[in-house]
Amino acid sequence: MITYSRLPGHELYHVSGSGVDGGLSRALVFSNFPVALVAIAVLAFVADRATAPWTVVVAIVGVISCAAVFWPGVVDEADLDARPVNAVSAAGVLIALVLTALALRGGADRSRRQRGDSVRIVVAGIALCLALPWLAAELGFFLDGLPLLGRLFQTGRYSEHVALPGVHHGHHHGMDGVLLLLAALLLSRAVPSLRHRALRVATGLYLALMAAYGIANAANDFWSEQIVKRGWTTWAIPNVLNPKPSIAWAAIVLGAAALYTLASEPAR
């Protein structure tokens with residue numbers, strides 16, 4: 001919100017507003033994608049642990065509200081200005097936050113070390129290292145001139161003949177992919193504790209798909225900005241932001257199935 005408030009729209013990506021209004025607008029769209037996707041999984045855990053029937057009902061309403069983000073056009077990469085329809089998924093995210101806060105009133109316990117935590121930590125560390133250009137973009141600056149990072153990553157203009165920077169200021173769908181992956185890694189630790197088998201299987205499959213989808217989006221954005229734009233190759237990893245029949249999406253689904261299988265065997 002701060003970055004989109006202080007920078008002019010032409011330095012950002014597919015937004016027209018600026019100032020506080022522009023910042024709030026982009027934050028609202030961000031609450032839809034990717035946050036609503038994570039909130040759906042969070043609500044599954046809240047519903048499973050609920051002691052009052054009304055909590056389950058409200059959680060279901062929250063999931064339905066968050067699921068509005070799946071409707072084509074609710075979040076459009078070509079136009080990231082907020083619209084009234086974005087309030088629907090934002091309401092679902094708000095429900096997830098409120099129910100989580102209410103659940104925390106009863107206290108919280110630290111979870112014990114679990115099988116696969118070492119792999120989770122390594123994967124998360126690699127993802128965050130690759131996300132450094134996007135983290136800088138979130139804050140509104142380039143990595144050019146910084147020791148080591150400025151040589152390792154290309155974020156500013158690649159040459160005097162190219163006006164646009166390699167990594168524009170503001171939010172990137174590659175960062176969305178990293179956030180979805182981190183959320184899936186964290187929430188997957190709690191899947192075996194879900195009491196209802198159907199919910200446990202559904203949540204596990206959903207998180208596996210979230211992780212595979214996140215990896216694919218991060219790979220697409222990173223490859224485009226750090227490999228293709230340098231002229232090292234003309235081959236690009238396909239854009240997979242929107243689901244459609246394609247080889248790339250078949251790979252995502254197969255990857256999700258593999259992740260679920262690898263994770264469910266030790267959990268069982």
Side-chain angles (χ1 to χ4, degrees), residues 31-71 74-75 88-117 119-121 123-124 176-217 243 249-250 252-268:
S31 74
N32 283 215
F33 184 87
V35 179
L37 301 182
V38 178
I40 290 174
V42 171
L43 286 166
F45 290 102
V46 172
D48 182 75
R49 288 159 169 73
T51 56
W54 68 266
T55 305
V56 177
V57 174
V58 175
I60 293 173
V61 172
V63 169
I64 295 173
S65 296
C66 288
V69 72
F70 294 115
W71 192 262
V74 171
V75 176
V88 179
S89 289
V93 171
L94 182 61
I95 289 174
L97 288 171
V98 171
L99 290 182
T100 299
L102 292 175
L104 287 173
R105 292 189 307 173
D109 296 324
R110 288 185 177 273
S111 59
R112 295 190 298 270
R113 184 178 178 85
Q114 297 188 28
R115 184 191 298 267
D117 278 352
V119 176
R120 290 183 179 94
I121 291 171
V123 172
D176 288 327
V178 171
L179 293 173
L180 290 172
L181 174 60
L182 294 178
L185 291 173
L186 183 62
L187 293 174
S188 66
R189 301 181 75 251
V191 170
S193 68
L194 290 172
R195 295 173 298 178
H196 301 87
R197 185 178 185 279
L199 186 61
R200 186 166 61 249
V201 172
T203 305
L205 287 171
Y206 180 79
L207 291 175
L209 183 60
M210 180 191 294
Y213 177 67
I215 292 171
N217 276 285
W249 260 96
I252 289 176
V253 173
L254 289 175
L259 285 173
Y260 179 80
T261 301
L262 289 173
S264 62
E265 281 302 322
R268 185 178 300 114

Peer 1: On a heavy-atom basis, which atom in Leu259 and which in Ala211 lie closest, and how many Å separate them?
Peer 2: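 Scanning both residues, the minimum pair turns out to be CD1-CB, 4.0 Å.
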
Peer 1: Could you state the interatomic distance from CG (Leu182) to CE (Met210), rounded to the nearest 0.5 Å?
Peer 2: 11.5 Å

Peer 1: Flag the pair Val191 / Phe45 as yes when at least one side-chain heavy-atom distance between them is below 4.5 Å, and no otherwise.
Peer 2: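 SC-SC contact between Val191 and Phe45 confirmed.
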
Peer 1: Which value, rounded to the nearest 0.5 Å, describes the distance between Leu180 atom CG and Leu185 atom CG?
Peer 2: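 Here the rounded value is 11.0 Å.
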
Peer 1: Take Leu209 and Leu205 through the test side chain to side chain contact (heavy atoms under 4.5 Å, CB included) and record every step on the way to the result.
Peer 2: CA-CA 6 Å; Leu209 183 60; Leu205 287 171; over 6 Å; no

Peer 1: Verify, without hydrogens or angle tests, whether Thr203 (side chain) and Arg200 (backbone) share a donor-acceptor contact under 3.5 angstrom.
Peer 2: no

Peer 1: Do Asp176 and Tyr213 have side-chain heavy atoms sitting under 4.5 Å apart?
Peer 2: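 The answer is no, as the side chains (C-beta and beyond) never meet within the 4.5 Å cut-off.
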
Peer 1: Which heavy atom in Leu37 sits nearest to a heavy atom in Tyr206, and how many Å separate them?
Peer 2: O-OH, 2.7 Å

Peer 1: Shortest non-hydrogen contact from Ala68 to Val88?
Peer 2: CB-CG1, 3.7 Å

Peer 1: On a heavy-atom basis, which atom in Cys66 and which in Gly92 lie closest, and how many Å separate them?
Peer 2: SG-C, 3.4 Å

Peer 1: What are the two closest non-hydrogen atoms of Val69 and Ala36, and how far apart are they?
Peer 2: CG1-CB, 4.4 Å

Peer 1: Roughly how far, to the nearest 0.5 Å, is CG of Leu207 from OH of Tyr260?
Peer 2: 10.5 Å

Peer 1: For Asn217, which residues count as a side-chain hydrogen bond (donor to acceptor under 3.5 Å, both in side chains) partner, sequence neighbours excluded?
Peer 2: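 Asn217 satisfies side-chain hydrogen bond (donor to acceptor under 3.5 Å, both in side chains) with no other residue.
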
Peer 1: Return the set of residues passing side-chain hydrogen bond (donor to acceptor under 3.5 Å, both in side chains) with Arg49 (not counting sequence neighbours), or none when no residue passes.
Peer 2: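 Per chain and number, Arg49 pairs via side-chain hydrogen bond (donor to acceptor under 3.5 Å, both in side chains) with Ser193.
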
Peer 1: Considering non-hydrogen atoms only, spot the tightest contact between Asn32 and Ala90 and give its length.
Peer 2: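 Closest approach of Asn32 to Ala90: ND2-N, 3.7 Å.
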
